[in-house]
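Encoded as structure tokens, the structure appears first; notes follow it.
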Amino acid sequence: QVQLVESGGGLVQAGGSLRLSCAASGRTFPDYVAGWFRQAPGNEREIVAGIHRSGGITYYADAVKGRFTISRDNAKNMVYLQMNNLKPEDTAVYYCAAQLGLHIPRQRDEYDYWGQGTQVTVSS
């Protein structure tokens with residue numbers, strides 16, 4: 001079992017950057033695929049990025065390609081989301097998720113483990 005705790009959210013102006021961190025518990029975390037999702041008020045929770053358990057394969061939603069970078073450090077049980085050139089439409093609660101497996105799930109219900117979320121607000 002894995003427990004996830006996000007940090008790094010906050011208020012930033014459009015064009016700015018933030019780095020989200022996700023700390024995972026459990027010695028088997030390197031066996032888990034990880035993803036970042038976001039949910040804005042009134043919207044469904046949507047995937048932002050995902051990363052294979054080795055870190056060698058990544059996935060990005062079209063809305064964030066070229067601006068966000070997902071990475072992981074398995075020695076530290078950490079997953080990161082570097083967010084650059086932020087836009088007001090990036091405002092949402094961001095969640096870290098993890099799932100055992102070999103491929104990167106893209107749907108919310110494919111992940112079994114979730115963090116509590118961290119708020120990101122981008123002002124115009």
Side-chain angles (χ1 to χ4, degrees):
Q1 197 163 1
V2 172
Q3 292 184 325
L4 305 170
V5 179
E6 303 96 334
S7 62
L11 173 64
V12 64
Q13 289 187 330
S17 298
L18 281 174
R19 187 195 197 202
L20 304 184
S21 298
C22 174
S25 65
R27 293 180 297 172
T28 61
F29 181 68
D31 294 337
Y32 288 73
V33 172
W36 285 97
F37 283 71
R38 68 185 180 186
Q39 188 167 16
N43 290 357
E44 296 291 323
R45 192 172 299 188
E46 61 180 6
I47 191 166
V48 173
I51 189 164
H52 188 263
R53 56 191 191 182
S54 70
I57 301 172
T58 56
Y59 165 82
Y60 295 96
D62 287 344
V64 306
K65 279 181 182 176
R67 300 189 297 122
F68 290 12
T69 302
I70 188 171
S71 61
R72 66 189 295 164
D73 184 339
N74 284 339
K76 297 181 179 179
N77 278 7
M78 296 291 294
V79 181
Y80 305 99
L81 185 68
Q82 178 67 43
M83 306 185 295
N84 297 328
N85 190 21
L86 282 160
K87 304 176 181 181
E89 52 263 43
D90 295 317
T91 295
V93 177
Y94 283 70
Y95 298 89
C96 180
Q99 177 61 28
L100 277 172
L102 297 176
H103 78 286
I104 302 173
R106 301 179 185 183
Q107 303 299 322
R108 175 181 182 175
D109 59 7
E110 296 182 277
Y111 286 85
D112 288 336
Y113 303 100
W114 292 88
Q116 82 288 350
T118 185
Q119 176 71 46
V120 171
T121 303
V122 185
S123 63
S124 57

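FYI, the numbering just counts along the sequence from 1.
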Can you find a heavy atom in the side chain of V48 that is under 4.5 Å from one in the side chain of Y60? no

Heavy-atom closest pair (M83 atom, V120 atom, distance to 0.1 Å) is CE-CG2, 3.9 Å

Does R45 make a cation-pi contact with Y111, if we ask for NZ or CZ under 6.0 Å from the ring centre and within 45° of the axis? no

Test side chain to side chain contact (heavy atoms under 4.5 Å, CB included), reference L81, set L20, L18, V64, T118, output is L20

Cluster link L100 to L4, ILVMFWY, side chain under 4.5 Å = yes

In short, A40 meets A92 closest at the heavy-atom pair N-CB, 3.8 Å

Nearest heavy-atom contact between S25 and N77 is C-ND2, 4.3 Å

Closest heavy-atom pair, V122 versus T91, reported as atoms and distance to 0.1 Å, is N-OG1, 2.9 Å

Output for pair (D31 CG, S54 OG), nearest 0.5 Å, gives 11.5 Å

Exercise. Hey, does the side chain of N85 reach the backbone of G16 with a donor-acceptor pair shorter than 3.5 angstrom?
Worked result: no

- Item | 4.5 Å side-chain heavy-atom contact, R72 and H52 | no

**Message:** Counting the benzene-type ring for Trp, do W114 and F37 have ring centres under 6.0 Å apart?
**Reply:** yes

Group every Ile, Leu, Val, Met, Phe, Trp and Tyr by side-chain heavy-atom contacts under 4.5 Å, then state whether V79 and F68 land in the same group. yes

Correct closest heavy-atom pair for S21 and M78 would be CB-CE, 3.7 Å

Only residue of Q119, Q39, R38 satisfying side chain to side chain donor-acceptor pair (under 3.5 Å) with Y94 is R38

Note to self: For residues F29 and I57: do they belong to one hydrophobic cluster (side chain heavy atoms under 4.5 Å, members Ile, Leu, Val, Met, Phe, Trp, Tyr)?
What the structure shows: no

Worksheet item: Are I51 and V33 in one and the same hydrophobic cluster, where Ile, Leu, Val, Met, Phe, Trp and Tyr link if side-chain heavy atoms are under 4.5 Å apart?
Response: no

Can you say whether the rings of Y113 and Y32 are parallel (under 30°), tilted (30 to 60°) or perpendicular (over 60°)? perpendicular

(message) For a 4.5 angstrom cut-off between non-hydrogen side-chain atoms, does Y95 reach C22?
(response) no

Any E6 side-chain heavy atom under 4.5 Å of Q116 side chain
yes

* Asked: Is any side-chain heavy atom of Y80 less than 4.5 Å from a side-chain heavy atom of D73?
  -> yes

Would you say the side chain of R53 lies within less than 4.5 Å of the side chain of L102, judging by non-hydrogen atoms? yes

Heavy-atom closest pair (R106 atom, E110 atom, distance to 0.1 Å) is N-OE1, 3.3 Å

* Asked: Is the side chain of Q99 donor-acceptor paired with the backbone N or O of D112 at a distance under 3.5 Å, no angle test?
  -> yes

K87 and E89: side chain to side chain contact (heavy atoms under 4.5 Å, CB included), yes or no, with the steps?
CA-CA 5 Å; K87 304 176 181 181; E89 52 263 43; 3.5 Å; yes

Report task. Before giving the answer on side chain to side chain contact (heavy atoms under 4.5 Å, CB included), spell out for Q82 and S17 the whole-Å C-alpha distance, their side-chain angles and the decisive distance to 0.1 Å. Result -> CA-CA 8 Å; Q82 178 67 43; S17 298; 4.0 Å; yes

- Query: Do D62 and K65 meet the salt-bridge criterion of a basic N to acidic O distance under 4.0 Å?
  - Reply: yes

For the pair I47 and R108, evaluate side chain to side chain contact (heavy atoms under 4.5 Å, CB included) and give the outcome as yes or no after the intermediate values. CA-CA 7 Å; I47 191 166; R108 175 181 182 175; over 6 Å; no

